[in-house]
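Working notes for the structure below.
Just so you know, these numbers come straight off a predicted model, no measurement behind them. Hydrogens, waters and symmetry mates play no part in the numbers below; they use all other heavy atoms, side chains included.
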Amino acid sequence: MKELANNKCCGGNQLRCSHFSASLLCEMTFSIFLPEQLATGADVKLPVLYWLSGLTCTDENFVQKAGAQRLASELGLIIVVPDTSPRGDNVPDDEEGAYDFGLGAGFYLNATQEPWNKNYNMYDYITEELPELINKRFPVDANKQGISGHSMGGHGAISIALKNPDKYKSVSAFAPICSPSTCPWGIKAFKNYLGEDVEDWKQYDSVELVKRAMHPIPLLVDQGLADQYLEEQLQPSLLVEACNKVGYPLSYIQREGYDHSYFFIASFIENHLRFHAGILSMSR
């Protein structure tokens, strides 16, 4: 692991690091915020929140735009922000350079189709490889782990949490892609990464995963009602319906006038951080 940047921020430290990923077979970057409690040299392990960003983003979008560091420092919450996708000259990309597939659009799954299956294993990277690295190098309490994200990252956060309730105590999302099996973004990605069999897509579809969730964990979803992708791409009504049908503990909040941008995230990130910190602080 190599430290690329270290900036003092809100009493703590905002780091950016790189490392070679064995699951993605390329060099990857991630950002991590270490709150003020750690800057004092205290011998403590703190809860950790993983943030997954959306289409076209890197680890830097959330770090620079969300304004999460002040409250994270106050709450004693470590925030880890991975990149959205494998990167590099040897990583295959969409031939036309489309924004919604290839580099910048990993969809937090393990691809099974060539040529994508060599590098596009973001699910393994997020759930196994990166946490193992973080737990070894930083004072993280691995038993107090939450996950959150935006748009494609919201899809990643919810689907990953639903598949791994033993690893995550809390999950939240801003404007998540709720049913990727039935929206244009998801259909394009799933068909290329996973093949033509729709049954294979369901293992990464939050609506489908909720239906068979055996160990529910608290879920918070924020959705702006002025979001330009609301009806065609995000389809939160399908997630709400599925949660209501099986009694899954979803808190769904609709925000009048808010769109899909980081202005929306910055406006309500405090609610999400307090949501996670409250749950993680009570975890064992």
Side-chain angles (χ1 to χ4, degrees), residues 10-14 31-52 62 66-82 126-128 130-150 153-154 156-174 176 206 209-210 212-223 239-240 242-244 246-253 255 265-284:
C10 299
N13 292 83
Q14 180 66 64
S31 293
I32 181 168
F33 178 70
L34 304 176
E36 187 171 6
Q37 290 91 328
L38 300 176
T40 64
D43 185 19
V44 294
K45 289 191 173 184
L46 297 179
V48 60
L49 176 67
Y50 284 83
W51 172 272
L52 308 184
F62 178 83
Q69 291 91 342
R70 177 193 59 80
L71 187 60
S73 204
E74 176 187 319
L75 296 172
L77 187 63
I78 294 172
I79 303 180
V80 176
V81 187
I126 297 299
T127 61
E128 300 290 343
L130 183 59
E132 183 178 344
L133 175 65
I134 296 296
N135 294 344
K136 285 181 179 178
R137 298 296 188 99
F138 300 99
V140 167
D141 187 339
N143 295 316
K144 298 182 177 182
Q145 187 167 278
I147 191 166
S148 185
H150 170 232
I158 298 173
S159 61
I160 284 172
L162 289 170
K163 289 163 70 73
N164 298 276
D166 56 324
K167 293 184 177 181
Y168 304 97
K169 306 295 185 183
S170 56
V171 55
S172 74
F174 288 85
S206 296
L209 291 168
V210 160
R212 51 181 185 267
M214 300 299 293
H215 303 287
I217 61 175
L219 167 60
L220 169 64
V221 172
D222 253 297
Q223 178 61 60
L239 180 65
V240 172
C243 288
N244 288 341
V246 299
Y248 198 92
L250 166 67
S251 176
Y252 177 61
I253 306 174
R255 307 289 188 177
I265 296 170
S267 298
F268 302 106
I269 190 64
E270 178 173 349
N271 293 16
H272 285 245
L273 295 184
R274 292 194 183 280
F275 166 79
H276 287 281
I279 295 168
L280 297 178
S281 67
M282 301 294 290
S283 302
R284 295 182 178 179

**Asked** Where do F268 and I253 land on the side-chain contact (heavy atoms from CB on, under 4.5 Å) test, with the steps shown first?
**Response** CA-CA 11 Å; F268 302 106; I253 306 174; over 6 Å; no

Would you say the side chain of [Y] lies within less than 4.5 Å of the side chain of [X], judging by non-hydrogen atoms?
X: H215; Y: D166; answer: no
X: P82; Y: L52; answer: yes
X: Y248; Y: I217; answer: yes
X: L239; Y: I158; answer: yes
X: L38; Y: V44; answer: yes
X: V210; Y: L250; answer: no
X: W51; Y: I265; answer: yes
X: V221; Y: P176; answer: yes

What distance separates [X] [atom1] from [Y] [atom2], expressed to the nearest 0.5 Å?
X: N164; Y: E128; atom1: CG; atom2: CD; result: 7.5 Å
X: S206; Y: I160; atom1: OG; atom2: CD1; result: 9.5 Å
X: I32; Y: I134; atom1: CD1; atom2: CD1; result: 4.0 Å
X: M282; Y: K144; atom1: CE; atom2: NZ; result: 9.5 Å
X: T127; Y: Y50; atom1: OG1; atom2: OH; result: 10.5 Å
X: L49; Y: L77; atom1: CG; atom2: CG; result: 5.5 Å

If you look at every heavy atom in [X] and [Y], which pair is closest and at what distance?
X: A161; Y: I147; value: CB-CG2, 3.9 Å
X: N271; Y: R255; value: ND2-NH2, 3.2 Å
X: G149; Y: A157; value: N-CB, 3.9 Å
X: D141; Y: V48; value: O-CG1, 4.5 Å
X: A68; Y: I269; value: CB-CG1, 4.1 Å
X: H276; Y: S170; value: ND1-OG, 2.6 Å

**Message:** Applying side-chain contact (heavy atoms from CB on, under 4.5 Å) to L71 and R274, what does each step give before you reach the verdict?
**Reply:** CA-CA 8 Å; L71 187 60; R274 292 194 183 280; 3.4 Å; yes

**Request:** For the pair F62 and I79, evaluate side-chain contact (heavy atoms from CB on, under 4.5 Å) and give the outcome as yes or no after the intermediate values.
**Result:** CA-CA 10 Å; F62 178 83; I79 303 180; 3.9 Å; yes

**Prompt:** Any donor and acceptor pair, going by atom type alone, linking the side chain of S73 with main-chain N or O of Q69 inside 3.5 Å?
**Reply:** no

**Request:** Answer yes or no: is there a donor N or O on one side and an acceptor on the other, between the side chain of S148 and the main chain of S172, under 3.5 Å?
**Result:**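 Checking the backbone N and O of S172 against the side chain of S148, a donor-acceptor pair under 3.5 Å is found.
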
**Message:** Counting only heavy atoms from other residues, nucleotides and ligands, does the tally under 6.0 Å from NZ of K45 exceed 12?
**Reply:**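 Open.
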
**Request:** Evaluate the criterion side-chain contact (heavy atoms from CB on, under 4.5 Å) for residue pair Q14 and S31; output intermediate values, then yes/no.
**Result:** CA-CA 7 Å; Q14 180 66 64; S31 293; 3.7 Å; yes

